[in-house]
K.L.:
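So that we are looking at the same thing, I have put the structure below in structure tokens.
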Amino acid sequence: MRDSRWITGRMRFALVLVYMSGAMVCAVAQTAPQLVSEAATEQSSYAARVLNRRDVHEVDPNIYVYGPEFAKKFQMPQEWVSTELKGVDAVAFRVVPSYKTCGWGGDPQACREDEVRCEMDLYFDHQRNPLPWDERRPERYSGVRNLSANFLWAGPNIPYQRLRQPARPGDSFFAQSSPFVDLKTGKGLGWQDYKIGNYIGGWVSTIGYDKEIFKDTSLVSLGMVCGSSINELWLASQSIYAKDVEKDAALIKRIVLPESWRKSVVRAQEESERRSKSFFKEEGEKALKALQDKPTVNKPLVPLQ
């Protein structure tokens, strides 16, 4: 009888331990984060998160254009959907502040404080718009332009490794920072922007990229020249003329940008263009006045012996 009570007590104690262990496991399970994808809701849309926010928030400076699939995936407004966009899933263009510059006209005090730069982000779905990635490159790269190290002198005892990709044999200058390669020839590929007429495409720099910025989506960021609209973007191993774009073997990727989006880009640059013209007009008038007040003495181009 005594042994029976002892066994029963042991069983009860074991049951209590099992119950407590189960409760602890349950508690841990309830407090552990659930790593699952959240379903899209009205609150997660771009309109709710950005356009219609009532609290203090940063304003998105980008001008978008994208296809219907991109709009559905990222819950973007339908007003920026275009079926004219070719070769890319989405494009975002922005005019952002840049460094103050001084020394205009040789005057150290002649400074522009409203300098801007233009940047463009390109989004590619891996299936709809695959890119010829060079597998030897890192999967992501961010070239921060406003880096203080760009202004520091790297003497022989102060080595400084700039954020640049190693050049491939035969790369053009603007293809050296690109993560893309012609899979047939092995040549590096760079981006060119085509603006108007039959002119040659102008090379633009790749300032960053991410092979998987979102699931099944890659990002390429370009540093653009402000001042005019862009009709197309070309990914190629050498310079291309517009008249040869249809048949040039160097062309690997061609992006066609909708006219309505291009007009929005031009409008976004109008204010900075106005400030730029006003600055140069003012500096030009100052330079002319200085010449009138103190005319320069003609000097021979070659120093007298």
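Source: prediction; values computed, not measured.
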K.L.:
Would you say the side chain of P132 lies within less than 4.5 Å of the side chain of V181, judging by non-hydrogen atoms?
P.N.:
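The answer is no; the side chains never approach within 4.5 Å.
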
K.L.:
Could you tell me whether the side chain of L222 reaches within less than 4.5 Å of the side chain of E119, counting heavy atoms only?
P.N.:
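Of all side-chain heavy-atom pairs linking L222 with E119, none is under 4.5 Å.
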
K.L.:
Decide, yes or no, whether a salt bridge links D134 with R136 under the criterion of side-chain N to carboxylate O below 4.0 Å.
P.N.:
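R136 and D134: salt-bridged.
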
K.L.:
Could you measure the distance from the OG atom of S221 to the CE atom of M120? Nearest 0.5 Å is fine.
P.N.:
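Rounded to the nearest 0.5 Å, the OG-CE separation comes out at 11.0 Å.
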
K.L.:
Salt-bridged, E246 to R254, with N to O below 4.0 Å?
P.N.:
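Counted as a salt bridge, because a side-chain N and a carboxylate O are separated by less than 4.0 Å.
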
K.L.:
Taking K86 first and then E84, would you say they form a salt bridge - that is, a charged N and a carboxylate O separated by under 4.0 Å?
P.N.:
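Looking at K86 and E84, the cut-off is not met.
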
K.L.:
Kindly work out whether a path of hydrophobic side-chain contacts (I/L/V/M/F/W/Y, heavy atoms less than 4.5 Å apart) joins V65 to Y123.
P.N.:
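Cluster IDs for V65 and Y123 differ.
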
K.L.:
For E271, is there an ion pair with R274 - N to carboxylate O distance below 4.0 angstrom?
P.N.:
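Yes.
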
K.L.:
Would you tell me whether D248 and Y241 have side-chain atoms, one donor and one acceptor, within less than 3.5 Å of each other?
P.N.:
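No donor-acceptor contact under 3.5 Å links the two side chains.
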
K.L.:
Strictly below 4.0 Å, N to O, side chains only: are K73 and E69 in salt-bridge contact?
P.N.:
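A salt bridge is absent here (no side-chain N lies under 4.0 Å from a carboxylate O).
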
K.L.:
Going by heavy atoms in the side chains, are L131 and S218 under 4.5 Å from each other?
P.N.:
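In contact.
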
K.L.:
Assess whether side-chain contact (heavy atoms from CB on, under 4.5 Å) is satisfied between S98 and V116, documenting all intermediate values.
P.N.:
CA-CA 5 Å; S98 188; V116 297; 5.5 Å; no

K.L.:
Does Q269 reach the side chain of F93, with side-chain heavy atoms less than 4.5 Å apart?
P.N.:
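Contact flag for Q269/F93 side chains = yes.
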
K.L.:
Okay, side chain of R262, backbone of L257: is any donor-acceptor separation there less than 3.5 Å?
P.N.:
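Looks like yes, one N/O pair under 3.5 Å.
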
K.L.:
State the CZ-CZ distance between R128 and F70, to the nearest 0.5 angstrom.
P.N.:
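Reported to 0.5 Å precision, the distance equals 9.5 Å.
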
K.L.:
Can you find a pair of side-chain heavy atoms, one from F280 and one from R112, that are under 4.5 Å apart?
P.N.:
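Sidechains of R112 and F280: in contact.
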
K.L.:
I'd like to know if L122 and F74 are part of one continuous hydrophobic network [Ile/Leu/Val/Met/Phe/Trp/Tyr, side-chain heavy atoms within less than 4.5 Å].
P.N.:
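Cluster IDs for F74 and L122 differ.
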
K.L.:
Does V220 reach the side chain of F180, with side-chain heavy atoms less than 4.5 Å apart?
P.N.:
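Result yes, sub-4.5 Å side-chain heavy-atom pair found.
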
K.L.:
For a ring-ring contact (aromatic ring centres under 6.0 Å, His included) check, start with the C-alpha distance between Y194 and Y199, then their side-chain angles and the critical distance, and finish with the verdict.
P.N.:
CA-CA 8 Å; Y194 163 63; Y199 296 107; 8.7 Å; no

K.L.:
Hydrophobic clustering (ILVMFWY, side-chain heavy atoms < 4.5 Å, transitive) - are L183 and L251 grouped together?
P.N.:
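Per the 4.5 Å side-chain linkage, L251 and L183 are not co-clustered.
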
K.L.:
Looking at every non-hydrogen atom in both residues, tell me the closest pair between I200 and S239 and how far apart they are.
P.N.:
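Looking at all heavy atoms of both residues, the closest pair is CD1-CB, 3.2 Å.
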
K.L.:
Q192 and side chain to side chain contact (heavy atoms under 4.5 Å, CB included): which single residue from L235, V245, L233, I240 fits?
P.N.:
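It is I240; the other options fail the test.
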
K.L.:
Check step by step if side chain to side chain donor-acceptor pair (under 3.5 Å) holds for T217 and D125.
P.N.:
CA-CA 5 Å; T217 302; D125 182 90; 4.6 Å; no

K.L.:
Under 4.5 Å between any side-chain heavy atoms of L85 and V91, yes or no?
P.N.:
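Contact flag for L85/V91 side chains = yes.
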
K.L.:
Do the non-hydrogen side-chain atoms of T206 and S178 ever get within less than 4.5 Å of each other?
P.N.:
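A side-chain contact under 4.5 Å exists here.
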
K.L.:
Test F124 against every option in D216, I255, I213 by the side chain to side chain contact (heavy atoms under 4.5 Å, CB included) rule and name the one that passes.
P.N.:
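Single pass found, and it is I255.
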
K.L.:
A250 and Q238: which non-hydrogen atoms are nearest, and at how many Å?
P.N.:
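Closest approach of A250 to Q238, heavy atoms only: CB-CG, 3.4 Å.
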
K.L.:
Report, as yes or no, whether the 6.0 Å neighbourhood of atom CD on E79 holds more than 12 heavy atoms from other residues, nucleotides or ligands.
P.N.:
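Atom CD in E79 is packed in, count exceeds 12.
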
K.L.:
In Å and rounded to the nearest 0.5 Å, what is the SG to CD distance from C226 to E115?
P.N.:
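One finds 9.5 Å between SG of C226 and CD of E115.
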
K.L.:
What distance do Y66 atom OH and W80 atom CH2 have between them, rounded to the nearest 0.5 Å?
P.N.:
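The CH2 atom of W80 is 5.5 Å from OH of Y66, to the nearest 0.5 Å.
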
K.L.:
Above 12 or not: heavy atoms from other molecules or residues under 6.0 Å from NZ of K253?
P.N.:
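Yes, enclosed.
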
K.L.:
Tell me if a side-chain donor or acceptor on K211 pairs with a main-chain N or O of R140 at a distance below 3.5 Å.
P.N.:
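Such a contact is absent between K211 side chain and R140 backbone.
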
K.L.:
Does any N or O in the side chain of D193 come within less than 3.5 Å of the main-chain N or O of I230, such that one atom is a donor and the other an acceptor?
P.N.:
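Absent.
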
K.L.:
Determine, using the 4.5 Å side-chain heavy-atom cutoff (strictly less than), whether Y141 and L189 are members of one ILVMFWY cluster.
P.N.:
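Y141 clusters together with L189.
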
K.L.:
I'd like to know if E270 and R275 make a salt bridge, using a cut-off of under 4.0 Å between side-chain N and carboxylate O.
P.N.:
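Not counted as a salt bridge, because no side-chain N and carboxylate O are separated by less than 4.0 Å.
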
K.L.:
Compare every heavy atom of A175 with every heavy atom of G190, then report the nearest pair and how far apart it is.
P.N.:
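G190 and A175 have their closest heavy atoms at N-CB, 3.8 Å.
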
K.L.:
Can you measure from CG (D210) to CG (D121) and round to the nearest 0.5 angstrom?
P.N.:
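If we round to the nearest 0.5 Å, D210:CG and D121:CG are 11.5 Å apart.
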
K.L.:
Say whether M224 and V95 are linked into one hydrophobic cluster, either directly or through other cluster members, by side-chain heavy-atom distances under 4.5 angstrom.
P.N.:
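Linked within one cluster.
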
K.L.:
Do you know which two heavy atoms are closest between A92 and N62, and how far apart they sit?
P.N.:
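Minimum heavy-atom separation between A92 and N62: CB-OD1, 3.7 Å.
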
K.L.:
For R49 and S44, indicate whether the former's side chain and the latter's backbone hold a donor-acceptor pair under 3.5 Å.
P.N.:
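Yes, the answer is positive, given that a donor and an acceptor are paired below the 3.5 Å cut-off.
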
K.L.:
Is there a donor-acceptor contact under 3.5 Å linking the side chains of W234 and E232?
P.N.:
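The criterion, which ignores hydrogens and geometry beyond distance, is satisfied for E232 and W234.
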
K.L.:
Side chains of S237 and D182: any donor to acceptor distance under 3.5 Å?
P.N.:
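No, no side-chain donor-acceptor contact under 3.5 Å.
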
K.L.:
Looking only at side-chain N and O atoms, does S82 offer a donor or acceptor that is under 3.5 Å from a partner on W261?
P.N.:
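Distance-only check fails for W261 and S82.
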
K.L.:
Closest heavy-atom contact between C111 and F279?
P.N.:
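Answer, listing the atom of C111 first, then F279: O-CE1, 3.3 Å.
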
K.L.:
Start with the C-alpha gap between E285 and K281, add the side-chain angles, then the distance that decides, and say whether salt bridge (Lys or Arg N to Asp or Glu O under 4.0 Å) holds.
P.N.:
CA-CA 6 Å; E285 291 174 350; K281 181 176 182 294; 2.7 Å; yes

K.L.:
So which heavy atom on Q78 is nearest to which on A71, and how close?
P.N.:
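Looking at all heavy atoms of both residues, the closest pair is NE2-CB, 4.1 Å.
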
K.L.:
If you measure from CG on L219 to OH on Y209, what distance do you get to the nearest 0.5 Å?
P.N.:
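Taking CG in L219 and OH in Y209, the distance rounds to 11.5 Å.
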
